[in-house]
Amino acid sequence: MASAASSVSAIPEVARDVIAGGVSTAAVSALLNPIDVLKTRRQIARSSRTALEEARLALQADGPWRGLWRPGLTASIARELLYSGCTKGFYPAARDAVAPADGPPTLAHRALAAA
């Protein structure tokens, strides 16, 4: 039976970078989703209520899960897994591909890799 360390090392580094980048940003996005929900509710309603008032109303009407966390959560997680996973995961490979072989990458190389 293969150990966990050897099975992880069998995964290509770029794949590990994509997975790590996607999962880490998806976790942060899920944690901060209530803030995004409140911002979106205030934008749609064009309300003069404060964010705290909007949060209180959402909690009273739907509770914490349905009122603050659930709306948009699936879309946010999918976006972060795909978009952030790819941008963070492919960046080191792109940077190394455009960097000169005889020295460290310059700011221009890093910007090109991030584009």
Side-chain angles (χ1 to χ4, degrees):
M1 179 186 256
S3 70
S6 65
S7 62
V8 169
S9 64
I11 300 171
E13 185 175 0
V14 70
R16 284 184 279 157
D17 289 345
V18 168
I19 293 166
V23 170
S24 63
T25 54
V28 170
S29 184
L31 182 67
L32 298 176
N33 195 59
I35 294 169
D36 198 37
V37 169
L38 290 173
K39 174 195 62 113
T40 303
R41 285 182 184 224
R42 292 183 70 216
Q43 287 173 338
I44 291 171
R46 297 186 187 271
S47 172
S48 61
R49 292 189 294 255
T50 67
L52 290 176
E53 291 170 332
E54 194 68 45
R56 184 180 51 79
L57 290 173
L59 287 170
Q60 287 175 344
D62 298 317
W65 175 248
R66 291 185 65 212
L68 293 177
W69 256 283
R70 181 66 182 105
L73 184 61
T74 303
S76 291
I77 289 175
R79 177 193 66 229
E80 298 301 345
L81 286 172
L82 295 172
Y83 174 74
S84 296
C86 288
T87 56
K88 289 174 175 44
F90 288 126
Y91 172 77
R95 181 199 60 219
D96 294 346
V98 299
D102 59 349
T106 65
L107 180 59
H109 293 116
R110 293 172 192 267
L112 178 62

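Quick note: residue numbers are just sequence positions, from 1.
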Identify the two heavy atoms, one from [X] and one from [Y], that lie closest to each other, and give their separation to 0.1 Å.
X: Ala94; Y: Ala113; result: C-CB, 3.7 Å
X: Pro100; Y: His109; result: CD-CE1, 3.3 Å
X: Gly89; Y: Val14; result: O-CG2, 3.7 Å
X: Trp69; Y: Asn33; result: O-ND2, 2.6 Å
X: Gly67; Y: Val37; result: O-CG1, 3.7 Å

At what distance, to the nearest 0.5 angstrom, does [atom1] of [X] lie from [atom2] of [Y]?
X: Ile35; Y: Thr40; atom1: CD1; atom2: OG1; answer: 11.5 Å
X: Arg16; Y: Ile19; atom1: CZ; atom2: CD1; answer: 9.5 Å
X: Leu81; Y: Cys86; atom1: CG; atom2: SG; answer: 10.0 Å

Applying side chain to side chain donor-acceptor pair (under 3.5 Å), which residue pairs with at least one partner in residues 81-103 are found, sequence neighbours left out? Glu80-Ser84

Given side chains that start at C-beta, do those of Pro71 and Arg41 come closer than 4.5 Å, heavy atoms only?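 SC-SC contact between Pro71 and Arg41 confirmed.
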
Is any side-chain heavy atom of Asp17 closer than 4.5 Å to one of Phe90? no

Connected via hydrophobic side-chain network under 4.5 Å: Val23 and Val18: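 No; tracing contacts between hydrophobic side chains, which count when under 4.5 Å, never links both residues.
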
Between Ser24 and Ala20, is there a donor-acceptor pair closer than 3.5 Å when you use the side chain of the first and the backbone of the second? yes

side-chain contact (heavy atoms from CB on, under 4.5 Å), paired with Leu68, selected from Asp36, Asp62, Leu38: Leu38

List the atom pairs, with distances to 0.1 Å, where a side-chain N or O of residues 53-60 and a protein N or O form a donor-acceptor pair under 3.5 Å, not counting sequence neighbours.
{"residue": "Glu53", "atom": "OE1", "partner": "Thr50", "partner atom": "N", "Å": "2.8"}
{"residue": "Glu54", "atom": "OE1", "partner": "Arg49", "partner atom": "NE", "Å": "3.0"}
{"residue": "Glu54", "atom": "OE1", "partner": "Arg49", "partner atom": "NH2", "Å": "3.1"}

